[in-house]
Novice: 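Below is a structure I'd like to ask you about.
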Amino acid sequence: MKIGYPCINRTVQCSGNKTFRLRSYSRERLIRAIGNNLDCLERVLRFNIEHGILFFRITSDLVPFASHPVCKVNWQGIFKERFRQLGDLIKAHGLRISMHPDQFIVLNSPDEGVLRRSIAELEYQACVLDLMGLDGSAKIQLHVGGVYGDKAGAMARFIRRWRGLSRSLRRRLVIENDEKNYGIDDCLFISRKTGAPVLFDAFHYRLYGGLGDLALVMADIQKTWGAKDGLPMVDYSSQKKGARPGAHAQSIDRKDFLRFLEATRPFDFDMMLEIKDKERSALMALKLIHKNRCPGQPMQV
DNA sequence: TCTGGTCAAGGTGGT
DNA sequence: ACCACCTTGACCAGA
């Protein structure tokens, strides 16, 4: 089991997702930002390696405006060597990498324009992972999308659209359950139709109203991940106390985390902690796992 | 130098 | 029809 956190490191003094307003776009500025972001990414990866954090989500902002029409720069060519070096670092230390496009990327939108922009963004993210020379275990996680008042129709459209995607995208896309539209059963259904692995978001599962035995869910999830996909990826978070349901906790809730480990115990997977204090909680999680998940030892919950 | 309104992009749900 | 929310940091104009 590898533990990870998304996109930002609060210890390393370096912002690796520097972007800027569209209004201040220029070729020079873009190239400077990409260079900075790649340097920061390397520093964060090295921090992670030093601390045994072997799972990391790379920000969508690594190359600002990469899928926007304003971007005419051949960043793939200019930074080819830098991407390759980063990929070598990742592979040399056995790091697991994921990416997660944000809310604007909707594969099942009825709007062709939204679809076109979504595919462009997904292609960009796949391109980053390809330039790094990463294998099919580096994934891009995507929600099913909107419902549009016709869930069955919207799911069918997702499946149709998925089938039209390029091979390089299909090998990387995984489907993640969300908190109100598409639950694990919906994702499993789509997975059967497409062959896409299902990424289990344990926090969304609970918000969606999932009460089932986590071990049973994990058993279903695990089957969707083939040999080339690597271990299943799981997103974990806990509820911020006193906040709107769905708000991510500031730091890891040890009891809840240990309960989750216990509930999923027979399964091996890589876990992304979506918790606000990022690497701090990842380090705490590693400690807790080390203390509690050694074979033959009872859990101390 | 500091501050707070604003930022490419979509969808849902409340009014 | 319109607006707040999701979720977040950081850009950047104006003080």
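First the proteins, then the strands, lettered A, B, ... as listed; each starts at 1.
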Novice: Quick one: K278(A) NZ to dG9(C) C1', roughly how many Å, whole number?
Specialist: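 Spelled out: NZ on K278(A) to C1' on dG9(C) is 10 Å.
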Novice: Please step through salt bridge (charged side-chain N to carboxylate O under 4.0 Å, His left out) for the pair K151(A) and D186(A), ending with a clear verdict.
Specialist: CA-CA 10 Å; K151(A) 189 164 167 178; D186(A) 301 318; 2.8 Å; yes
Novice: What's V70(A) touching, base or sugar-phosphate or nothing? Going by heavy atoms closer than 4.0 Å.
Specialist: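 Nothing, no nucleic acid heavy atom in range.
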Novice: OH of Y182(A) versus P of dG11(B): gap in Å, rounded?
Specialist: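 It is 11 Å, rounded to the nearest whole Å.
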Novice: Does D88(A) come within less than 4.0 Å of R84(A), counting only side-chain N to carboxylate O?
Specialist: yes
Novice: Is any side-chain nitrogen or oxygen of K276(A) closer than 4.0 Å to OP1 or OP2 of dT8(C)?
Specialist: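 Indeed, a polar side-chain atom of K276(A) lies that close.
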Novice: Does D277(A) pair with R10(A) as a salt bridge, N-O distance under 4.0 Å?
Specialist: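 Result for this pair is no, no salt bridge flagged.
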Novice: To the nearest Å, give me how far apart CD (E179(A)) and P (dC5(C)) are.
Specialist: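 Taking atom P of dC5(C) as the reference, CD of E179(A) is at 15 Å.
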Novice: Dump the intermediate steps for side chain to side chain donor-acceptor pair (under 3.5 Å) on Y208(A) and D201(A), then the final yes or no.
Specialist: CA-CA 10 Å; Y208(A) 190 86; D201(A) 187 312; over 6 Å; no
Novice: Pairs counted only when both distances fall under 3.5 Å, Watson-Crick or G-U: show me the 5' to 3' dot-bracket for DNA chain C, [ ] for pseudoknotted crossings and | for other-strand partners.
Specialist: ||||||..|||||||
Novice: Under 4.0 Å between a Lys/Arg side-chain N and an Asp/Glu carboxylate O for R82(A) and E42(A)?
Specialist: yes
Novice: In terms of hydrophobic clusters joined by side-chain contacts under 4.5 Å, are V234(A) and L214(A) together?
Specialist: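 Hydrophobic grouping puts V234(A) with L214(A).
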Novice: Mind checking the C1' distance from dT6(B) to dA4(C)? Whole angstroms is fine.
Specialist: 16 Å
Novice: Output, in order, the C-alpha distance, side-chain angles, deciding distance and verdict of salt bridge (charged side-chain N to carboxylate O under 4.0 Å, His left out) for R265(A) and E262(A).
Specialist: CA-CA 5 Å; R265(A) 192 197 247 296; E262(A) 180 60 39; 3.6 Å; yes
Novice: Taking CZ from F65(A) and P from dC7(B), how many angstroms apart are they, rounded to a whole number?
Specialist: 12 Å
Novice: For N36(A) and dG9(C), give me the distance from atom CG to atom C1', rounded to whole Å.
Specialist: 14 Å
Novice: Identify the pairs formed between an N or O of the protein and an N or O of nucleotides 10-13 of chain C at a distance under 3.5 Å, and give each distance.
Specialist:
{"residue": "dA10(C)", "atom": "OP1", "partner": "S15(A)", "partner atom": "OG", "Å": "3.1"}
{"residue": "dC11(C)", "atom": "O2", "partner": "R21(A)", "partner atom": "NH2", "Å": "2.1"}
{"residue": "dC12(C)", "atom": "OP1", "partner": "R21(A)", "partner atom": "N", "Å": "3.2"}
{"residue": "dC12(C)", "atom": "OP1", "partner": "S24(A)", "partner atom": "OG", "Å": "2.1"}
{"residue": "dC12(C)", "atom": "OP2", "partner": "R29(A)", "partner atom": "NH1", "Å": "2.9"}
{"residue": "dC12(C)", "atom": "OP2", "partner": "R29(A)", "partner atom": "NH2", "Å": "2.5"}

Novice: In this structure, how many angstroms lie between the P atom of dG9(C) and the CD atom of E274(A), rounded?
Specialist: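 Result: 14 Å.
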Novice: At a heavy-atom distance below 4.0 Å, what parts of residues 99-112 of chain A sit against DNA chain B?
Specialist: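 DNA chain B contact set from residues 99-112 of chain A: Q103(A), F104(A), V106(A), S109(A).
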Novice: Please name the residue in the list N9(A), I3(A), I90(A), V12(A) that meets the side chain to side chain contact (heavy atoms under 4.5 Å, CB included) test with N48(A).
Specialist: N9(A)
Novice: If you measure from the Lys or Arg side-chain nitrogens to the Asp or Glu carboxylate oxygens, is any gap between E274(A) and R57(A) under 4.0 Å?
Specialist: yes
Novice: Tell me, do F269(A) and W225(A) make a side-chain contact under 4.5 Å, heavy atoms counted?
Specialist: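 Side-chain contact under 4.5 Å: no.
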Novice: Please report the distance, rounded to the nearest Å, between CG in D150(A) and P in dT12(B).
Specialist: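 Atom CG in D150(A) sits about 12 Å away from atom P in dT12(B).
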Novice: Please check this pair: side chain of K2(A) against backbone of G94(A), looking for a donor-acceptor N/O pair closer than 3.5 Å.
Specialist: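 Checking the backbone N and O of G94(A) against the side chain of K2(A), a donor-acceptor pair under 3.5 Å is found.
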Novice: Considering only NZ, NE, NH1 and NH2 on the basic side and carboxylate oxygens on the acidic side, decide whether D130(A) and R171(A) come within less than 4.0 Å.
Specialist: yes
Novice: Just the rounded figure in Å: distance from P of dG13(B) to OH of Y148(A).
Specialist: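 One finds 12 Å between P of dG13(B) and OH of Y148(A), rounded.
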Novice: Would you measure the distance from the P atom in dA13(C) across to the matching atom in dA8(B) and give it in whole Å?
Specialist: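 Each nucleotide's P atom is 12 Å from the other's.
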